[in-house]
Amino acid sequence: QVQLVESGGGLVQAGGSLRLSCAVSGSINEIVSMGWYRQAPGKQRELVASISNGGSTKYGDSVKGRFTISRDNAKKTVSLQMNSLKPEDTFAYYCHGAVVVGAPNMDLRELWGQGTLVTVSS
């Protein structure tokens, strides 16, 4: 079974840094894109950052210049380095992946991690 396994997160003081990591577990043919979203209770998930197969990145306006997304295709992982954290960055963070599985009939699947909590204290 293909799934995303997250690590990282926790409690940090404002101005500090954290690193989130996410690995694809299971057999896949290709990673199309991976990224991170965050969500507050009762609100919609919002894009934090994403990175395509070709390495193109996209960031949410509120994190530009502070967060950096990177991926290791060989290890099937994506990481999010979060610097200069603010209390308003306190959310549950979810890893997202679009992957191709199966042979000979290939299928595009959208995966979500279980979520990891980031709390930034003032």
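The first residue in the sequence is number 1, and the count goes up from there.
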Pairwise side-chain contact, Leu20 with Val118, heavy-atom cut-off 4.5 Å (strictly under)
yes
Looking only at heavy atoms, the pair that brings Ser21 and Ser79 closest together is OG-OG, 3.4 Å
Cluster membership besides Leu108, Ile/Leu/Val/Met/Phe/Trp/Tyr side chains within less than 4.5 angstrom, sorted by chain and number, is Val32, Val100, Met106
Heavy atoms of Leu4 and Gln114 approach each other most closely as O-OE1, 3.8 Å
Practice item. Evaluate the side chain to side chain contact (heavy atoms under 4.5 Å, CB included) criterion for residues Met34 and Val24: first the C-alpha distance (whole Å), next the side-chain angles of each, then the deciding distance (0.1 Å), finally the verdict. Key: CA-CA 10 Å; Met34 293 190 76; Val24 179; 3.9 Å; yes
Applying ring-ring contact (aromatic ring centres under 6.0 Å, His included) to Phe91 and not counting sequence neighbours gives none
By salt bridge (charged side-chain N to carboxylate O under 4.0 Å, His left out), Arg45 pairs with (sequence neighbours left out) none
4.5 Å side-chain heavy-atom contact, Ser50 and Ser33 | no
Apart from Val5 itself, its cluster of hydrophobic side chains linked below 4.5 Å comprises none
Interatomic distance, SG@Cys22 vs CZ@Arg71, rounded to 0.5 Å, equals 11.0 Å
Original post:
Would you call Trp36 and Val78 a side-chain contact if the rule is heavy atoms closer than 4.5 Å?
Top reply: yes
Minimal heavy-atom distance between Thr57 and Ile69, with the atoms involved, is CG2-CG2, 3.8 Å
Across all chains, not counting sequence neighbours, the salt bridge (charged side-chain N to carboxylate O under 4.0 Å, His left out) partners of Arg19 are none
CG of Asn73 to CD1 of Ile51, rounded to nearest 0.5 Å, is 8.0 Å
| task | Check for a donor-acceptor pair, side chain of Lys76 on one end and backbone N or O of Ser27 on the other, with a separation under 3.5 Å. | result | no
>> Taking Leu47 as the starting point, is it possible to reach Val63 by hopping between hydrophobic residues whose side chains are less than 4.5 Å apart?
In response: no
Minimal heavy-atom distance between Cys95 and Glu6, with the atoms involved, is N-OE2, 2.6 Å
Open item on the list: For a side chain to side chain contact (heavy atoms under 4.5 Å, CB included) check, start with the C-alpha distance between Ser62 and Arg38, then their side-chain angles and the critical distance, and finish with the verdict.
Closed with: CA-CA 12 Å; Ser62 61; Arg38 63 189 188 185; 3.0 Å; yes
Separation between CZ (Phe67) and CG (Leu80), nearest 0.5 Å, reads 6.0 Å
Between the OG1 atom in Thr90 and the CG atom in Leu11, the distance rounded to the nearest 0.5 Å is 8.5 Å
Is there a chain of hydrophobic side chains (I, L, V, M, F, W, Y, each step under 4.5 Å between heavy atoms) that links Tyr94 to Leu18? no
To the nearest 0.5 Å, atom NZ of Lys64 lies from atom NZ of Lys58 at 10.0 Å
In short, Ser17 meets Asn83 closest at the heavy-atom pair OG-OD1, 2.9 Å
field: Path from Tyr37 to Met82 over hydrophobic side-chain contacts below 4.5 Å
entry: no
Side-chain heavy-atom pair Asp89, Arg66 within 4.5 angstrom cut-off
yes
Distance col, row Asn29:CG vs Asp107:CG, nearest 0.5 angstrom, shows 10.0 Å
The side-chain contact (heavy atoms from CB on, under 4.5 Å) partners of Lys43 (sequence neighbours excluded) come to Ala40
